[in-house]
Amino acid sequence: MKPTRNELSQEFLRGRNCAQCVLGRYAQSLGYDVEETDRMAACFGGGMFMGDACGAVTGALMVIGLAAEQGEAKEKALAFEEAFRAKCGSCRCRDLLGCDLSDPQQEQAAVASGKLIEYCPTPVLAAMDILDELLEDVL
């Protein structure tokens, strides 16, 4: 079952990142438990701590890599990225948030203002919607 925006905000407040939330939703269907997938995705939040690829994107790409057949993974990954860009405008964390989380001052300001908690459920839910559609025959 897909989490609500409020549930995701609570997960972020507990210290989980976007990649962990996306990958964790599919953990059991992929044969993992959430503790394992949280460790797998621990370094992918905040655009891999560099403001690059959004954690929702990297988490989704991990799901695709684990769920898709080897020959289909690239095709599904490219389809995911195209759909995510169409829905969210970019696949880069700094573009989506309007700040660079690799800069400690900008990260602190984003956390203090609540921007992360308010905004980040949006790309996470978008990623889940796209994955549900792309992988409906697999998951």
Side-chain angles (χ1 to χ4, degrees):
M1 185 169 178
K2 189 167 69 170
T4 65
R5 289 184 65 77
N6 188 52
E7 289 168 335
L8 286 170
S9 293
Q10 293 304 310
E11 292 297 317
F12 296 143
L13 288 169
R14 283 192 276 278
R16 292 182 82 213
N17 67 46
C18 295
Q20 291 170 319
C21 290
V22 172
L23 183 56
R25 177 177 180 228
Y26 301 93
Q28 285 187 320
S29 336
L30 297 168
Y32 295 92
D33 64 45
V34 174
E35 282 185 20
E36 290 174 306
T37 58
D38 276 359
R39 285 195 313 275
M40 285 180 212
C43 297
F44 291 89
M48 299 174 288
F49 306 122
M50 298 178 279
D52 286 332
C54 169
V57 172
T58 55
L61 294 177
M62 286 185 253
V63 171
I64 291 168
L66 291 167
E69 294 294 324
Q70 186 69 19
E72 295 178 331
K74 181 178 180 181
E75 179 184 320
K76 289 194 182 288
L78 293 173
F80 172 86
E81 291 172 15
E82 181 180 336
F84 190 86
R85 270 192 194 88
K87 239 180 190 185
C88 297
S90 177
C91 287
R92 287 174 41 133
C93 179
R94 73 176 63 112
D95 295 340
L96 294 168
L97 279 174
C99 64
D100 185 351
L101 297 181
S102 68
D103 177 330
Q105 290 178 322
Q106 290 185 49
E107 179 185 23
Q108 189 176 32
V111 170
S113 71
K115 187 171 193 168
L116 294 176
I117 304 303
E118 291 171 23
Y119 177 74
C120 291
T122 300
V124 169
L125 291 169
M128 290 175 180
D129 287 342
I130 296 164
L131 283 172
D132 288 348
E133 192 172 309
L134 263 179
L135 300 173
E136 68 183 335
D137 56 330
V138 182
L139 295 176

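Here, residue 1 is the first one in the sequence, and each next residue gets the next number. For the numbers below, each heavy atom of this structure counts, side chains included, while hydrogens, waters and symmetry mates do not.
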R5 vs L8, test: side chain to side chain contact (heavy atoms under 4.5 Å, CB included). Steps then yes/no.
CA-CA 5 Å; R5 289 184 65 77; L8 286 170; 5.8 Å; no
Tell me the closest heavy-atom pair linking G24 and T37, and the distance in Å.
CA-OG1, 3.6 Å
What are the two closest non-hydrogen atoms of L125 and P3, and how far apart are they?
CD2-O, 3.2 Å
Pair Q28-V34, side chain to side chain contact (heavy atoms under 4.5 Å, CB included): steps then yes or no
CA-CA 8 Å; Q28 285 187 320; V34 174; 5.9 Å; no
Working to the nearest 0.5 Å, report the span between OG of S9 and CG of L116.
10.5 Å
Is there a side chain to side chain contact (heavy atoms under 4.5 Å, CB included) between R25 and D132? Walk through the geometry before answering.
CA-CA 11 Å; R25 177 177 180 228; D132 288 348; 2.9 Å; yes
Donor-acceptor pair, Q20 side chain versus A41 backbone, under 3.5 Å?
no
Apply side chain to side chain contact (heavy atoms under 4.5 Å, CB included) to T58 and L23, showing your working.
CA-CA 9 Å; T58 55; L23 183 56; over 6 Å; no
Who are the ring pair (Phe, Tyr, Trp, His ring centres under 6.0 Å) partners of Y32, not counting sequence neighbours?
none
Transitively linked via ILVMFWY side-chain contacts under 4.5 Å: V57 with F49?
no
Nearest 0.5 Å please: distance from the OG atom of S90 over to the CG atom of L96.
5.0 Å
Enter the distance from I130:CD1 to E133:CD here, rounded to the nearest 0.5 Å.
8.5 Å
From R94 atom CZ to L101 atom CG, the distance as rounded to the nearest 0.5 Å
9.0 Å
Of all residues at least two apart in sequence or in a different chain, which pass the side chain to side chain donor-acceptor pair (under 3.5 Å) check with R85?
none
Heavy-atom nearest pair, P123 first then F84, reads O-CE1, 3.4 Å
Nearest 0.5 angstrom please: S29 OG to L135 CG, how far?
10.0 Å
Residues that E11 engages under salt bridge (Lys or Arg N to Asp or Glu O under 4.0 Å), provided they are two or more places apart
R14, R16
I need the L139 CG to L131 CG distance, nearest 0.5 Å.
8.0 Å
Listed by chain and number, what are the ring pair (Phe, Tyr, Trp, His ring centres under 6.0 Å) partners of F12, not counting sequence neighbours?
none
Please set out all donor-acceptor pairs under 3.5 angstrom arising from side-chain atoms of residues 59-83, sequence neighbours excluded.
{"residue": "K76", "atom": "NZ", "partner": "L134", "partner atom": "O", "Å": "3.2"}

S102 vs D100, test: side-chain hydrogen bond (donor to acceptor under 3.5 Å, both in side chains). Steps then yes/no.
CA-CA 5 Å; S102 68; D100 185 351; 2.6 Å; yes
Does CD in Q108 sit with more than 12 non-hydrogen atoms of other residues, nucleotides or ligands closer than 6.0 Å?
no
Residues two or more places apart in sequence or in another chain: which of them pass salt bridge (Lys or Arg N to Asp or Glu O under 4.0 Å) with K87?
D129
